[in-house]
Amino acid sequence: MRAGVRTLVLWCPDWPVVAAGCPPDVPAAVVAANRVVAATVAARADGVRSGLRRREAQGRCPQLQVVAPDPGRDARAFEPVVAAMEAFTPGVEIVRPGLAGFATRGPSRYFGGDEQLARRVLGAVRAVLERIVPGSDGVEAWVGCRVGVADGRFAAGVAARTRPGDGGPEERGPGAHVPAVAHAPGWTVVEQGRSRELLDPLPVAVLADPALAGLLARLGIRTLGELAALPAPTVLGRFGAAGARAHRLAGGLDERPLAARVPPADLAAGIELDPPADRVDVAAFAAHHLAADLHERLASRGLACTRVAVEAETEHGEHLSRLWRHEGALDPAAMAERVRWQLDGWLSQGGTTGGLTLIRLVPDEVVPAGGRQLGFWGGASDHGGVARGLARVQGMLGPEAVVTAVLGGGRDPLEEVRFVPWGEPRTPARAGPAVGVEGVAVPAGVEPAAGVEPAVGEGAPAGSVARHPASRRPDARRRPAPEVPPWPGRLPGPAPASVLAERRPVAVRDAAGDEATVSGRGVLSAPPAEVSVDGGRWSTVEAWAGPWPLEERWWEGGRRRARLQVVAGGTAYLLAREDGRWWVEAVYD
Amino acid sequence: MAVGGAGAQTSLAFALAAGPSRAGSWVAAVGVPHLGARAAAGLGVDLRRLVLVPAVGEQWAVVAAALLEVVDVAILGLPDRGVRPADARRLAARARERGAVLLLLADRVALGRRVLSLPEAWPEPTELRLGAQAAVWEGLGQGGGHLRARAVTVTAVGRRGASRPRSVGVWLPGPDGRVAARAETGGSREADRGGGAGSPGWVDDAVGT
């Protein structure tokens, strides 16, 4: 067996906060799905750690700025870093934004050894980072990026995470001092052929496979050295493919045996764009199909792609290329996502002078597909036909024209729904209550009138909770954090069947023929008697209720409205008074 | 199939699409820019299998035809200038061939504008016309309460076997948010004679025709 290819890995700790432009001395954290994924040095000094719940992180560091995650932003910001690395050697491969590497054989010789190379790469990348995060020089604890050189990508990644002070990877406690390692602030070089000395004392948790690590720990195998000492066939027999992979990594070998081969050229998938695409969504839409196409071709040969080259040409003849690696095999969605990030990086960072005319995906490294088990009942097989048909319509009208609706939270019918282009992840704009069959939620702020019996759950204190949004912040110490905000002020069901994206003007007059108005205290001047929608005929109001005031974000110049439900001419409308005018917001037709 | 009735047609279309949607069919809405997704979900349409093409513009017929290849129920908001006879014929033929259902929204949300009536906008004869009439809202008073339930009378007129008009009282939706037949109304007499059509499943059955 041969040791892994000598590799240099550049790791930028907490890349998402760096990409968001948060200065390291300001406590800030990127929170995804309510868990901290990255935090600045200042936040970490206050005890904020990855994996903490947002509320707990805010408890430890009250002035914490919470930043929403944005993989696109991370990838965009990483592009100049990769460009700086590419000045040393072509063939830089990106594992994910914040982690990239290349094989050092050639560049090491040219620059006079691994240590020299590491030092130079570090210098070049730091210069780039200082442009991204201004004012970072003064902060002592801030590193920005670390470089590790070792045999194989895994060992190099571990080396990059190794701090000079403790000899062990960050956040995993001090390890033993390793003699074969040359340290300097920011870089770590492990001598050729001695990567195992670095890996052996580390806990199995480093493998980033929690299920396997937990199992190994319970069986008494606590360090990589102990795992590597086991015979490989036994590990494969007991733990399967995941175990075999872990065993290879622990032994300082490459992730896979060198069966990975250069694929035949005709597997590359390319598409010409005419007219040239200068917007990322247009290019990404084309790339989406390209990824599916490539995946299909590979799958028909029983192959899966572990490293893909994204290539593009611009209308001015520039040729761009970048490698992306995935630990597992890239599925079409993952590939399309990476291509989107890459194209976004090129188009937004000024790497191009014109629109893209050609996008190619070249599978750079393929392995036999591990195979996948289809659902016994066929699963979502007919989904494919629908997807193709919808993609055709998207091709005609543009990717944004075909949408699906996602329900979220909000106080009026328009806010509650987000239209997501077909093929993008269906995430609501804001968290909201789960939809029951009837879609009825808390009808706070609506007073049951005399003679109308309150529905189940109705009769919440109608002191217009919606007027005091601050008061709906639940007290974290007394109650567990609610998963969904309640959105007081929502209208109770049924929901209007037509929600006007562009609301229409309407005239409302009382019995005397004067325009009905709503006072600043939310009182109607007179009962509405007739309405005329958009200059149409006047129709008599048969029943009405309201006005229900709705003040949103009053502390920063939000909206102030009063809403009215009206039945006129057999049709029910949702009217709103804002800025001295009446509008139709929705029709219950 | 055409769905009409000024005060309730969109809800009626949702209720008709809900049965197939729950059974796993895909539903598309073409040229319905004001679609209220929460109402659709409330009436039983699965939003994961509801595809919207709100702004189609000039390519209405092409888009509708393309979607008809893949979905089982298409809710069509007719374009302002109407559909050309050849396009209408082709869409109807394609729907018949695939066993798909076209739900035409006959009385669009006009809001003061004049729009074409159904025969003008869709020159092809329709298999079945469903109209929701005499909508009565419950729960709203003079200054109090809120909209809670709607009672409508749905009348079906069609060709061939369905040429005799039938009507049934329907809650659209009822106080519990569901669509249900109203037993007590006089309007359902004829429907009962039509052979069990007064059952709550009537609305769903109609989709198969």
Side-chain angles (χ1 to χ4, degrees), chain A residues 385-386 388-390 392-393 396-397 401-407 413 416-417 419 422 426 435-440 443 446-452 455 491-501 504 524 527 532-536 543-546 565 567 570-572 584 586-589, chain B residues 5-11 13-14 26 28 32-44 47-57 59 62-63 66-67 69-71 107 109-113 134-137 139-150 173 175-178:
Chain A
V386 174
R388 271 196 294 282
L390 297 181
R392 215 182 120 208
V393 179
M396 281 186 251
L397 299 174
V402 181
V403 296
T404 60
V406 187
L407 294 182
E416 283 176 333
V417 180
F419 293 107
W422 171 258
R426 284 171 53 89
V435 193
V437 175
E438 71 278 42
V440 175
V446 178
E447 290 193 46
V452 180
L491 290 172
S498 292
V499 179
L500 307 186
R504 299 286 182 74
L524 207 57
S532 150
V533 177
D534 217 353
W544 62 279
Q565 274 181 339
V567 176
T571 307
V584 183
V587 187
Y588 296 78
D589 70 336
Chain B
Q9 57 155 358
T10 312
S11 303
F14 289 157
W26 285 74
V32 191
H34 306 313
L35 186 136
R38 188 171 285 280
L43 289 169
L47 292 188
R48 286 167 305 179
R49 288 193 297 275
L50 171 67
V51 181
L52 312 171
V53 187
V56 274
Q59 306 194 41
V62 187
V63 170
L67 285 172
E69 298 290 323
V70 290
V71 302
D107 302 289
V109 185
L111 296 180
R113 281 179 307 136
V136 177
W137 278 97
L140 203 61
Q142 295 298 321
H146 67 85
L147 296 176
R148 205 183 297 279
R150 169 169 52 185
D176 59 351
R178 290 166 200 281

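So that the names make sense, note that chain A is the first sequence line, chain B the second, and so on, each numbered from 1.
- In this structure, chain A has no heavy atom under 4.5 Å from any part of B/Arg49.
- In terms of heavy atoms, A/Ala545 sits closest to B/Gly145 at CB-O, 3.1 Å.
- In this structure, no portion of B/Val136 lies under 4.5 Å from any heavy atom of chain A.
- In this structure, B/Leu35 and A/Phe419 approach most closely via the heavy-atom pair O-CZ, 4.2 Å.
- With a 4.5 angstrom heavy-atom cutoff, A/Val393 touches chain B only via side-chain atoms.
- Considering all non-hydrogen atoms of both residues, A/Thr404 and B/Leu47 come closest at CB-O, 4.4 Å.
- B/Pro173 touches chain A through its side chain: at least one heavy atom from C-beta onward sits under 4.5 Å away, while N, CA, C and O do not.
- A donor-acceptor pair is defined here as one N or O able to donate and one able to accept, closer than 3.5 Å; no such pair exists between the side chain of B/Arg150 and the backbone of A/Pro494.
- Taking B/Gln59 as the reference, nothing meets the side chain to side chain donor-acceptor pair (under 3.5 Å) condition, with sequence neighbours excluded.
- For B/Ala66, the parts lying under 4.5 angstrom from a heavy atom of chain A are both the backbone and the side chain.
- Shown here for B/Ala37 and A/Val417, the closest heavy-atom pair between the two residues is CB-CG1, 3.6 Å.
- Of the two parts of A/Pro413, neither the backbone nor the side chain holds a non-hydrogen atom closer than 4.5 Å to a non-hydrogen atom of chain B.
- Listed here is the closest heavy atom pair of A/Val499 and B/Gly36: CG2-CA, 3.7 Å.
- Here the shortest heavy-atom pairing between B/Gln142 and A/Ala543 reads NE2-CA, 3.7 Å.
- The shortest side-chain heavy-atom distance between B/Leu147 and A/Val567 falls under the 4.5 Å cut-off.
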